[in-house]
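Okay, structure first, notes after.
Quantities reported herein were computed from a predicted structural model and do not represent experimental measurements. Residue numbers count from 1 along this sequence.
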Amino acid sequence: MSETGSVQRPEPGNALKPERGSALKPETGSALKPETGSAQLTEPGGEQQGLRTGLRRRHMTMIAIGGAIGAGLFVGSGSVIQTAGPAAILSYAGAGLVVLCVLRALGEMVVARPVAGSMGEYARMAMGPFAGFTVGWLYWYLYVILVGAEAVAGAAILGNWIDLDQWVLSAGLLIVMTVVNLVSVKSFGEFEFWFASIKVVAIVAFLAIGLAWVFGLWPGSDAGFANLTRHGGFAPNGIGGVFSAIVVVMFAFGGTEIVTVAAAESKEPGPAVARATNNVLWRVGLFYVASIFLVVTILPWNDAKVLTSPFVSTLEHIGIPAAGTIMQIVILTAVLSVLNSAIYVSSRMLYVLTRDGDAPASLVKLNKRGVPARAVLLGTVAAWGAVIASYVSPDQVFTFLVNSIGVVLAFVYVAIMFSQLRLRARLRREDPSALTYRMWGYPYISWAVIIALFAVFVAMARNPDQRNQLIASTISLLAVMAIYPLRAKFGRKKPVRDVEVLHH
């Protein structure tokens, strides 16, 4: 991308070639050397730097699926059902459609211009260094706090089986998943592949059992769909309940965008994202919508057990032995999957921020396996602060930290959509042949998604139960924005607008 903001095409044959004026410039005496299977920069001291391309197609597919299936589906869906009733089906479908459009818009940019850093770098391309700085640091903060929160959640589950203090268990989980991420990007990919596979198998098994029950094929089943309308109607709390639930559900789909960050470490970043996003999200949406459909069909939506643990309650009602233990294992797997992905994403975003001069230079250093080890460790240390807060001040500091990331992903979604609108227009003028994977209905659907996201903000502001999350997250946004003038004045290098486009 040139100084005027134009977008240039990567030259064929380079493993990782910075364009003229790119954010990563080789210093005197340095050389850019393409190498098979990696993208490396040789520095003056002879030390090679570059993220490795260790992720395969199966990794990318399962990262896309696993990123969206967290513990929120298995546990948090109970509160959604209580809010919307059986119409929670519509809430999941509506939220999934919005997130699908966001991911499609992001996929368009990744395929046309694959970069390390994904949404942060596209904001930099489209709206300048201030936007890149803000989105990058917000996204890093989101996943660092999420690492701490997931470690606490995982420790709570392990506490049912292991008689140790939960802070010890949290520390153990953090250490194990940090080591996984320090080994190599392939190690991260393998763990995420198997974690996601376990979640998918669990959901498919639940769907098979649930459908057999609903259609009278399970011994002793109560066939039929009466529960969908019997207890106050399909939408007992009205359309307001459906929309309020959409606000909660939208964040349950968070994580689908992780595959676009991982694209920088796949051999074909553009095609890899196109394949991973083209069919995966509708499958994930099907998992969510079909699962919730079965829960509210098999159990009355206002059953108290649905609020606490909808999947366990459904399986126990059907008569599956040890349903609670089985689901605890599945939920623990979901927690570990999110923990693994969050450590990975936070380290890569910090690596890109460092490369762009928005973070201390020492954090850009990679180990011999191409892993930004210092960025991984800093994220883990910061997450440990959130773990400590959960035990020292669970009702104040930790609650604020969790609330402060509650809407951050929606802020990032807005930035993605504005970035896509600007970059799409630029590419249509300068390089239309790069637009091989397009956002639907441009620009109308893009603007519709932005309007829907702002409607979510308004709904949260009007809802006393969700207002604190909006306020705390807005404080996070304003804090990051307030830091930028200091970075611009005292940073080791001037803020950069140009972004390095990858071509493996």
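Residue Phe191 places its CZ atom among 12 or fewer non-hydrogen atoms of other residues, nucleotides or ligands, all under 6.0 Å distant. Within a 6.0 Å radius of CZ in Arg462, no more than 12 heavy atoms belonging to other residues, nucleotides or ligands are found. For Trp194, the CH2 atom sits in a loose shell: 12 or fewer heavy atoms of surrounding residues, nucleotides or ligands are nearer than 6.0 Å.
Here the side chain of Arg369 pairs no donor or acceptor atom with the backbone of Ser184 at under 3.5 angstrom. Panel note: side chain Ser473, backbone Leu470; no donor-acceptor pair is recorded below 3.5 Å. A donor-acceptor pair is defined here as one N or O able to donate and one able to accept, closer than 3.5 Å; no such pair exists between the side chain of Ser309 and the backbone of Lys305. Asn227 places a side-chain N or O within 3.5 Å of a backbone atom of Ile298 that can act as its donor or acceptor partner. Proximity of a side-chain donor or acceptor of Asn367 to a complementary backbone N or O of Gly370 within less than 3.5 Å is detected. Of the possible polar contacts, none joining the Ser393 side chain to the Ala389 backbone as a donor-acceptor pair under 3.5 Å is found. Without hydrogens or angle criteria, Thr380 side chain to Thr178 main chain gives no donor-acceptor distance under 3.5 Å. Using modelled atom types, no side-chain atom of Asn403 and backbone atom of Gln469 make a donor-acceptor pair closer than 3.5 Å. Remark: side-chain polar atoms of Ser313 are not paired, donor with acceptor, to backbone N or O of Pro310 under 3.5 angstrom. Remark: side-chain polar atoms of Ser446 are not paired, donor with acceptor, to backbone N or O of Tyr442 under 3.5 angstrom.
Looking at Phe398 and Ile388, their side chains never come closer than 4.5 Å, going by heavy atoms from C-beta outward. Counting heavy atoms from C-beta outward, Ile292 and Ile81 have side chains that approach closer than 4.5 Å. Residues Tyr122 and Leu106 are in side-chain contact: their nearest non-hydrogen atoms beyond the backbone lie under 4.5 Å apart. Side chains of Leu421 and Ile450 form a contact here, defined as non-hydrogen atoms less than 4.5 Å apart. With contacts defined as side-chain heavy-atom distances shorter than 4.5 Å, the pair Glu257/Leu409 qualifies. Val214 has its side chain within reach of Leu294: a pair of non-hydrogen atoms, C-beta onward, lies under 4.5 Å apart. Using a 4.5 Å heavy-atom cutoff, the side chains of Tyr437 and Arg104 are in contact. When side chains are defined from C-beta on, Val102 counts as touching Met417, because their heavy atoms get closer than 4.5 Å.
A donor and an acceptor atom, one from each side chain of Thr53 and Glu265, are nowhere located under 3.5 Å apart. Under the 3.5 Å distance criterion, with hydrogens and angles disregarded, a donor-acceptor pair is assigned to the side chains of Ser341 and Glu192. Side-chain contact check for Ser77 and Tyr288: no donor-acceptor pair (N or O, by modelled atom type) lies under 3.5 Å. Side-chain contact, Lys199 with Thr333: no donor N or O sits under 3.5 Å from an acceptor N or O. With hydrogens and angles left out, the side-chain atoms of Tyr143 and Glu150 include no donor and acceptor closer than 3.5 Å.
One distance of note links OH of Tyr139 with OG of Ser346; it measures 10.0 Å at 0.5 Å rounding. Between the CG atom in Leu103 and the OG1 atom in Thr260 there is a gap of 7.0 Å [rounded to 0.5 Å]. Here the CD1-CZ distance, from Ile475 to Phe400, works out to 4.5 Å after rounding to the nearest 0.5 Å. Trp161 CH2 to Thr325 OG1: the interatomic distance, rounded to the nearest 0.5 Å, is 7.0 Å. Here CG of Leu182 is found 11.5 Å from CD1 of Ile175. Values are rounded to the nearest 0.5 Å. In this structure, CE on Met250 lies 5.5 Å from CG on Leu453, to the nearest 0.5 angstrom.
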Inset, instruction - Show the numbers, then the answer: is there a side-chain contact (heavy atoms from CB on, under 4.5 Å) between Glu190 and Arg58? - result: CA-CA 9 Å; Glu190 285 295 332; Arg58 63 185 178 88; 2.4 Å; yes
Legend entry - Derivation and outcome, side-chain contact (heavy atoms from CB on, under 4.5 Å), residues Trp213 and Thr314: CA-CA 10 Å; Trp213 176 272; Thr314 301; over 6 Å; no
Inset, instruction - Decide yes or no on side-chain contact (heavy atoms from CB on, under 4.5 Å) for Val371 and Asn181, but give the supporting numbers first. - result: CA-CA 8 Å; Val371 175; Asn181 276 269; 5.9 Å; no
Inset, instruction - Would you sort out whether Val392 and Val397 count as a side-chain contact (heavy atoms from CB on, under 4.5 Å), showing the intermediate values? - result: CA-CA 8 Å; Val392 175; Val397 176; over 6 Å; no
Legend entry - Intermediate values then yes/no, ring pair (Phe, Tyr, Trp, His ring centres under 6.0 Å), Trp447 and Phe418: CA-CA 9 Å; Trp447 280 110; Phe418 277 117; 5.7 Å; yes
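In terms of heavy-atom proximity, Ser390 sits nearest to Val152 at OG-CG2, 3.4 Å. In this structure, Ala155 and Ser170 approach most closely via the heavy-atom pair CB-OG, 3.2 Å. Listed here is the closest heavy atom pair of Ser266 and Met60: CB-SD, 4.1 Å. Closest non-hydrogen pair, Leu138 versus Val408, comes out as O-CG1, 3.7 Å. Trp167 and Trp384 get closest at one heavy-atom pair: O-CH2, 3.6 Å. A pairwise comparison of heavy atoms in Ser187 and Val180 identifies OG-O, 3.0 Å as the closest pair.
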Show me, pair by pair, the donor-acceptor contacts under 3.5 angstrom made by side chains of residues 237-247, not counting sequence neighbours?
unit_1	atom_1	unit_2	atom_2	d
Asn237	ND2	Gln82	O	3.4
Asn237	ND2	Thr83	O	2.8
Ser244	OG	Gly240	O	2.9

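Taking the six-membered ring for Trp and thresholds of 30 and 60 degrees, Phe193 and His59 have ring planes more than 60 degrees apart, a perpendicular arrangement.
Cation-pi geometry between Arg230 and Phe225 is not met at under 6.0 angstrom from the ring centre and within 45 degrees of the axis.
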